[in-house]
Amino acid sequence: MNFKLQVTDSKSRARAGNITTDHGEIETPIFMPVGTVGSVKGVHFNDLKKDIEAQIILGNTYHLYLRPGLDIIEKAGGLHKFNGWDRPILTDSGGYQVFSLSGNRKLTEEGAVFSSHIDGSKHLFTPENVVDIQRIIGADIIMAFDECAPGDADHHYAKNSMELTHRWLKRGITQFDHTENKYGHTQTFFPIVQGAGFRDLRIQSAEYIASFNRDGNAIGGLSVGEPAEVMYEMTEVVTSILPEDKPRYLMGVGTPVNILESIALGVDMFDCVMPTRNGRNGMLFTSRGIMNMRNEKWKDDFSPLDPEGTSFVDYHYTKAYLRHLFVAKEMLAAQIGSLHNLSFYLWLVKEARKHIIAGDFSSWKDKMVKQLSVRL
RNA sequence: GUGAUUGUAGCUCAGUUGGUUAGAGCGCCGGAUUGUGGUUCCGGAGGUCGCCGGUUCGAGACCGGUCUUUCACC
């Protein structure tokens with residue numbers, strides 16, 4: 001994997017760059033649709049490629065490991081062959097899931113013992129086997145196994161958690177560097193900065209992570225319940241330390257506004273369930289603001305979904321029709337909502353990139369931020 | 001026609017021996033959702049308790065009448 005920094009904005013830390021992988025190029029800043037179990041919920045790869053123009057998607061170690069299981073994925077020849085997606089894939093390590101989904105889990109120095117949300121069976125994730133699993137999945141970008149501390153963690157907890165994540169990181173890197181690419185294409189490994197909402201810990205963690213000089217670096221443990229200002233402050237602290245010439249990935253973020261603000265702070269990659277989860281449930285993000293498609297006010301609004309949208313669904317379907325589909329709980333409603341939101345998110349980061357290159361990112365961003373939070 | 005039976009929120013129902021502003025689930029109307037368990041959470045609106053009369057300090061509950069639902073029998 002290779003990252004080429006193209007342009008850095010003069011008035012902010014925003015950057016435009018290109019990531020090259022064996023599965024193709026990624027133009028940054030980029031948003032990565034979440035495809036937990038190897039599929040972006042409700043969206044065909046055809047639409048994902050041609051309509052949404054997704055350049056890279058996410059998969060989840062935790063989910064794929066539990067179902068269908070590594071034997072099937074390996075037999076299929078990796079996730080790319082299994083699901084037919086021939087562009088880059090990044091896999092989350094499962095650190096977040098182990099902590100967010102599993103009722104009973106036990107943390108030890110060795111790793112995390114957790115029970116499956118599917119059948120309750122017990123499993124162990126370690127920094128090493130999580131690398132092996134992602135090798136088998138065939139991810140282009142493999143994430144380190146980390147502990148994601150809760151948003152309200154105190155300093156003591158956050159410090160221990162960060163230190164454990166650092167020790168795990170060392171083991172993960174050793175494992176990664178001593179194992180081979182599984183299916184012929186190059187795989188790369190991203191470490192993750194932790195430190196919760198504490199400046200000193202974030203600095204310490206960012207410096208530690210930077211010292212490994214990997215192909216890219218991630219910022220974890222944000223957007224987990226802390227106020228947005230804290231998130232921005234921590235992001236700013238971290239991006240000022242992480243190497244300039246490597247992509248920075250802010251995990252799990254966020255709203256359209258969060259994304260623009262974080263781009264301005266020097267973040268290059270994002271992923272979030274928000275466009276798909278909220279889209280599935282009737283919340284649509286547009287360049288003019290947010291629409292709750294379940295609202296009664298749309299019932300006889302026969303104008304196009306989003307006249308300024310770039311997706312087929314934006315001009316083909318009306319607001320009234322989509323509201324009807326949501327109220328009737330039709331599957332198609334969830335599909336249209338997801339398709340629209342993803343296409344909007346991809347449009348947003350593409351537009352940001354254009355303005356970074358054109359040199360007017362900051363003023364464009366300020367204007368957009370105002371529009372994006374309007375409730376329609 | 002006779003004898004039973006039913007009637008409480010848009011729907012399905014709960015409401016102790018009569019006791020403050022009559023409840024629930026669903027639906028409806030809003031809001032939330034940030035490295036996804038096709039969701040989940042949180043608010044809100046909505047009822048002349050079929051109708052008329054009576055008993056009582058007090059009736060959704062008791063009594064009479066009337067209409068209504070369902071059933072059985074002639």
Side-chain angles (χ1 to χ4, degrees), chain A residues 31-43 56-64 66-67 89-103 114-120 130 134 139 141-151 165 190-194 217-228 230-232 235 249-259 261-262 267 269-285 290-299 323 326-335 337-338 341-342 345 375:
Chain A
F31 178 80
M32 309 181 280
V34 176
T36 310
V37 298
S39 103
V40 176
K41 288 187 196 300
V43 181
I56 170 172
I57 63 170
L58 239 82
N60 270 91
T61 299
Y62 171 88
H63 295 274
L64 291 166
L66 289 178
R67 193 164 55 191
I89 294 176
L90 177 151
T91 42
D92 186 20
S93 64
Y96 187 82
Q97 279 66 40
V98 167
F99 302 106
S100 72
L101 297 181
S102 294
F114 62 95
S115 55
S116 158
H117 69 280
I118 298 166
D119 61 7
V130 157
Q134 293 178 89
I141 301 174
I142 287 174
M143 299 305 300
F145 191 56
D146 64 337
E147 184 195 358
C148 181
T165 294
F190 281 20
I192 305 173
V193 174
Q194 285 292 344
N217 300 291
I219 308 167
L222 292 177
S223 66
V224 287
E226 80 284 2
V230 174
M231 180 175 99
Y232 295 141
T235 301
Y249 163 30
L250 180 53
M251 305 182 79
V253 173
T255 66
V257 170
N258 290 161
I259 288 176
E261 295 294 3
S262 303
V267 175
M269 303 164 72
F270 300 89
D271 81 282
C272 189
V273 302
M274 195 169 270
T276 37
R277 177 187 287 162
N278 290 24
R280 242 191 344 270
N281 293 300
M283 188 174 182
L284 266 60
F285 300 97
I290 297 166
M291 294 193 285
N292 181 347
M293 292 317 297
R294 304 186 65 94
N295 287 3
E296 193 169 29
K297 63 184 161 198
W298 308 120
K299 72 177 173 191
R323 167 178 145 89
F326 271 113
V327 170
K329 299 190 197 307
E330 275 294 311
M331 280 192 287
L332 184 58
Q335 293 181 294
S338 304
N341 276 351
L342 284 179
Y345 266 62
R375 299 217 143 250

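Proteins get letters first, then strands, A, B, ... in listed order; numbering begins at 1 in each.
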A:His63 NE2 - B:G35 P separation (whole Å): 10 Å
Would A:Asn258 and A:Tyr232 count as having a side-chain donor-acceptor pair, cut-off 3.5 Å? yes
What is the distance, rounded to the nearest whole Å, between atom CE of A:Met274 and atom C1' of B:G35? 13 Å
Can a side chain N or O of A:Arg277 be found less than 4.0 Å away from OP1 or OP2 on B:U34? yes
A:Arg280 CZ to B:A32 P, straight-line distance once rounded to whole Å: 17 Å
Rounded off to whole Å, could you give me the CZ-to-P distance for the A:Phe326 and B:G38 pair? 16 Å
At less than 4.0 Å, is any side-chain N or O atom of A:Asn281 found next to OP1 or OP2 of B:U33? Yes or no. no
Could you tell me how far B:A4 sits from B:C63 if I compare only their P atoms? Round to whole Å. 13 Å
Specify the separation, in whole Å, of atom CE of A:Met251 and atom P of B:G35. 10 Å
Could I get the full list of ring-ring contact (aromatic ring centres under 6.0 Å, His included) partners for A:Phe285, not counting sequence neighbours? A:Tyr345
I'd like the C1' distance from B:G31 over to B:G35, given in whole Å. 26 Å
Can you check the A:Lys41 NZ to B:U39 P distance for me, whole Å? 10 Å
What about A:Tyr62 and A:Phe114, are their ring centers closer than 6.0 Å? yes
In dot-bracket, 5' to 3', how would RNA chain B read with Watson-Crick or G-U wobble pairs under 3.5 Å, [ ] for crossing ones and | for pairs to another strand? ((((..(..((((.....[...)))).(((((.......))))).....(((((..]....))))))..)))).
Could you tell me whether the phosphate oxygens of B:C29, OP1 or OP2, come under 4.0 Å of any side-chain nitrogen or oxygen in A:Arg323? yes
For A:Asn278 and A:Arg280, what are the C-alpha separation, side-chain angles and deciding distance, and is it a side-chain contact (heavy atoms from CB on, under 4.5 Å)? CA-CA 5 Å; A:Asn278 290 24; A:Arg280 242 191 344 270; over 6 Å; no
What integer number of Å spans the P atoms of B:C73 and B:G10? 36 Å
Could you state the CG-C1' distance from A:Asn60 to B:G37, rounded to the nearest angstrom? 12 Å
Can you sort out the partners of A:Thr91 under side-chain hydrogen bond (donor to acceptor under 3.5 Å, both in side chains), two or more places apart, ordered by chain and number? A:Gln134
Report yes or no: is there a donor-acceptor pair, N or O only, under 3.5 Å between the side chain of A:Asn295 and the base of B:G30? no
Sticking with atom P, work out how far B:G7 lies from B:C49, rounded to a whole angstrom. 15 Å
Closest contact, heavy atoms only, A:Val43 versus A:Ser338: CG2-CB, 3.9 Å
Sorted by position of nearest nucleotide on RNA chain B, 5' first, the leading residue of A:Tyr249 and A:Lys329 is A:Lys329
